[in-house]
**Student:** 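Next up is a structure, given as structure tokens.
Protein chains get the first letters and strands the later ones, always in sequence-line order, with residue 1 at the start of each. Note that this is a predicted model, so its numbers are computed, not measured.
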Amino acid sequence: MLTGDIPPNQTIYIKNLNEKVKKEELKRSLYCLFSQYGRILDVVALKTARLRGQAWVVFSEVTAASNAVRQMQGFPFYDKPMRIQYAKTKSDCIAEAEGVYDPNAKKKKKQEEKAERKKRAEEAQQSAPANGKPAESNGGPTSFRQGNQSAQETVPPNNILFIQNLPHETTSMMLQVLFQQYPGFREVRMIEAKPGIAFVEFEDDVQSSMAMQALQGFKITPQNPMAITYAKKKTLKPLRAELLSRTLHRYPHIEYLDLTVCPRIEDSMLNVVSLACKDALCSINLSRSRKLRLICLKWCLKISDLGVQLLALKCKEIRSLDLSYLQITEKCLPSILQLQHLEDLVLEGCLGINDDGLSTLQQSCKSLKTLNMSNCHNHSHVGLLSLINGAENLRELTLAYGPSVTADLAKSLHNFSGLHSVKFDGCLVKCSGIRAIGNWPNSLKELSFSKCSGVTDDSLSFLVQGHKELRKLDITCCRMIMYDSVDSITSSCCSLTSLRMESCSLVPKEAFVLFGQRCQLMEELDVTDTKIDDEGLKSISRCSKLSSLKLGICMNITDNGLKHIGSRCSKLKELDLYRSLGITDEGIAAVTFGCPDLEVINIAYNDKVTDASLISLSRCSRLRVLEIRGCPHVSSKGLSAIAVGCRQLMVLDIKKCFNINDNAMLSLAQFSQNLKQINLSYCSVTDVGLLALASVNRLQNITVLHLGGLTPNGLAAALLACRGITKVKLHASFKPLIPKSLLGYIEAHGCVFHWRDKAFQPCRF
DNA sequence: AGCACA
């Protein structure tokens, strides 16, 4: 037997210890090592000739000592296997505690023993202990676990652990002793100048997590419970940039990204970097990448003129440069305009750019094709002209939410003969400005006055007569226009492929007939919130290339109109019937028969639509997006049919579909493996349905507000099971009911929680 | 190999 004939004792006796280790360190290390078995009352080690290489560890319980003897037998400690037995006698500190300690009697006894020892020097026998394996992490020091949980909440798992609150005398060997008990241990790193902290590296983050769990709150001294978190990775020097897209999301704390060894950095890789490293990234080294063509610095608020100048100086191949919302001024513009290949320049929201600065520009950029100066308020057409001076290839200009569209502005653009596309969204528009645009010598292909105020029937009618080649026109929310505009648009611009006129609510229903009569090349039509009726739809159905049709809040349309669309628009991919209350199952059925390629449909808030609609929609095998929010008469039966028929389904909104329950979730779990996003708020789905849904591998985004059948535990289980989840919208009342540590764990795996506290809205219907 | 409490 390992312990010889010595009876169990709450003190263990250890021999074969490395004699080179200093006494204090030895004691601390032993304390660290054996604390996993229970509370330690004392560690005794002496360096006298007779007692060196041995030690006693006193536990508060015999069972702890027994476990220690068995499990740590042969454990390699400072390179030597420990030999462990029970101590032969009671330790003084125990005797003292029990009130049986008599120092005088002990002294006497000691002297006697010393004399006897001489006689029996050779008789002393110790049975050699057998070899054992080091302990696995079964049963750690639970009573010591009281780590600083909050510190680890958002740090993602890392194979490196960060240890804080260590007593200053801690050595790396002590920590090694402590951490090497756990599989995968690699090394301990301490920084001399920074006592109290250490980094402990494991093979992988599963193994580091095990060690963290076991040693969280471990006390090297009673005052120092150690706080273990995953180390934050701050610098990264990848060898192959093409793998960044898969790995970078795990390191949101990266501050410095060194891409100098990556041979071929491409623009798309930097896009990946910017998406993954949102807040922390301060520095990126691209010194091998002189050939970058596309650089987007949007919202990089700390980059100013100097940075942009350096960039322009170094990366001469830049084709596309986005400097949106940077605090730059005219100072960096000369170096930008000298870029010989620059084609796209985005200066959105650059408020530091004004007429004074622009007026000093000497350069011109011949290669420039597109310029976006949306949300720039501090310049006029004069400054704009200085900027695009000599840009003879300019094709697209976006001046949304900027200075008023005046005749002066329009005239200053008069001679840019290559201009194809101009966007003035959200600008104040003067009639004289619109008329001046109408006088440009070359026809535009694309024009947007979305949400502009000041667009009148007269001026718009005049404008379109001068731009007969127009393909795309956006007059969303130009609320003053009436019949005449539509008449002029359709008669002048016969090649129109896209017209957006949401909320042009003064246009009479007779006007919509003109589209089918005159603009049969139409592919995209947005007549949301207008007076269009079935006659209009009948006419529009002559546009056989129609691919997107938006009829939300169109109260004058019925199934009859949709039947026309279904009978002739076989290319339809997107149909929006949001709150178009005249539509029933019959209309939907007609569309699904005639438009089998339908990919996106919205029938939200329609109280006449039932499962029959969903069953007919299940024929559309390419359906990707289905919005049936607020349809009280659809149930699990219909949605199950969708799940079976529409395997491409990616986005599903079934908010307030009170009759949809767990059964539909089971069908989705079984068939809809492409589902990425779902809104389940107010449905009759419970823990069971949500957990079933968790098996959909691609699920990234779920909204679960006001689900009566959802419990905190059910939610927690489902969230744990959703491995790829990145965004969860939940009611704030759940927040205190889910363990913080669990939320931290899920967040650490890349999920963002959005807590909403909107009150429960009772059923509208 | 060695069983103490500086």
**Student:** Have a look at A:Lys90 and say if it touches a base, only the backbone sugar-phosphate, or nothing, with a 4.0 Å heavy-atom cut-off.
**Tutor:** base
**Student:** For the side chain of A:Val44, starting at C-beta, report the closest nucleotide among B:dC3, B:dA1, B:dA4.
**Tutor:** B:dA4
**Student:** Please identify each residue that fulfils side chain to side chain contact (heavy atoms under 4.5 Å, CB included) with A:Ser172, with sequence neighbours left out.
**Tutor:** A:Val188, A:Met190
**Student:** Residues from residues 91-98 of chain A sitting under 4.0 Å of DNA chain B, heavy atoms only?
**Tutor:** A:Ser91, A:Asp92
**Student:** Name the atoms and distances for all side-chain donor-acceptor pairs under 3.5 Å in residues 54-63 of chain A, with sequence neighbours left out.
**Tutor:**
unit_1	atom_1	unit_2	atom_2	d
A:Gln54	OE1	A:Tyr13	OH	2.8
A:Gln54	NE2	A:Arg50	O	3.0
A:Gln54	NE2	A:Leu51	O	3.3
A:Gln54	NE2	A:Arg52	O	2.9

**Student:** Determine which pairs satisfy salt bridge (charged side-chain N to carboxylate O under 4.0 Å, His left out) with at least one residue from residues 714-736 of chain A, sequence neighbours left out, and list them in order.
**Tutor:** none
**Student:** If I take atom CZ in residue A:Arg83 and atom P in nucleotide B:dG2, what distance separates them, rounded to the nearest angstrom?
**Tutor:** 14 Å
**Student:** Listed by chain and number, what are the side-chain hydrogen bond (donor to acceptor under 3.5 Å, both in side chains) partners of A:Arg189, not counting sequence neighbours?
**Tutor:** A:Glu187, A:Glu201
**Student:** Please report, rounded to the nearest Å, how far the C1' atom of B:dA4 is from the OH atom of A:Tyr101.
**Tutor:** 10 Å
**Student:** Any donor-acceptor pair under 3.5 Å linking the side-chain atoms of A:Gln176 with those of A:Gln180?
**Tutor:** yes
**Student:** side-chain hydrogen bond (donor to acceptor under 3.5 Å, both in side chains) with A:Lys90: which residues, sequence neighbours excluded?
**Tutor:** A:Glu98
**Student:** Using a cut-off of less than 4.0 Å, is there contact between a side-chain N or O of A:Arg50 and OP1 or OP2 of B:dA1?
**Tutor:** no
**Student:** Starting at the 5' end of DNA chain B, which residue's closest nucleotide do you reach first, A:Ala45 or A:Thr48?
**Tutor:** A:Thr48
**Student:** Nearest-Å distance, CD (A:Glu24) to P (B:dA6)?
**Tutor:** 12 Å
**Student:** For DNA chain B, which residues of residues 51-60 of chain A approach it to below 4.0 angstrom with any heavy atom?
**Tutor:** A:Leu51, A:Arg52, A:Gly53, A:Gln54, A:Trp56
**Student:** According to side-chain hydrogen bond (donor to acceptor under 3.5 Å, both in side chains), who are the partners of A:Glu19, at least two apart in sequence or on a separate chain?
**Tutor:** none
**Student:** Throw together a table of side-chain donor-acceptor distances under 3.5 angstrom for residues 701-720 of chain A, partners on residues two or more places apart or in other chains.
**Tutor:**
unit_1	atom_1	unit_2	atom_2	d
A:His706	NE2	A:Lys758	O	3.0
A:Thr711	OG1	A:Asp687	OD1	3.4
A:Thr711	OG1	A:Asp687	OD2	2.6
A:Thr711	OG1	A:Gly714	N	3.0

**Student:** Do A:Glu19 and B:dA1 have a side chain to base donor-acceptor pair shorter than 3.5 Å?
**Tutor:** yes
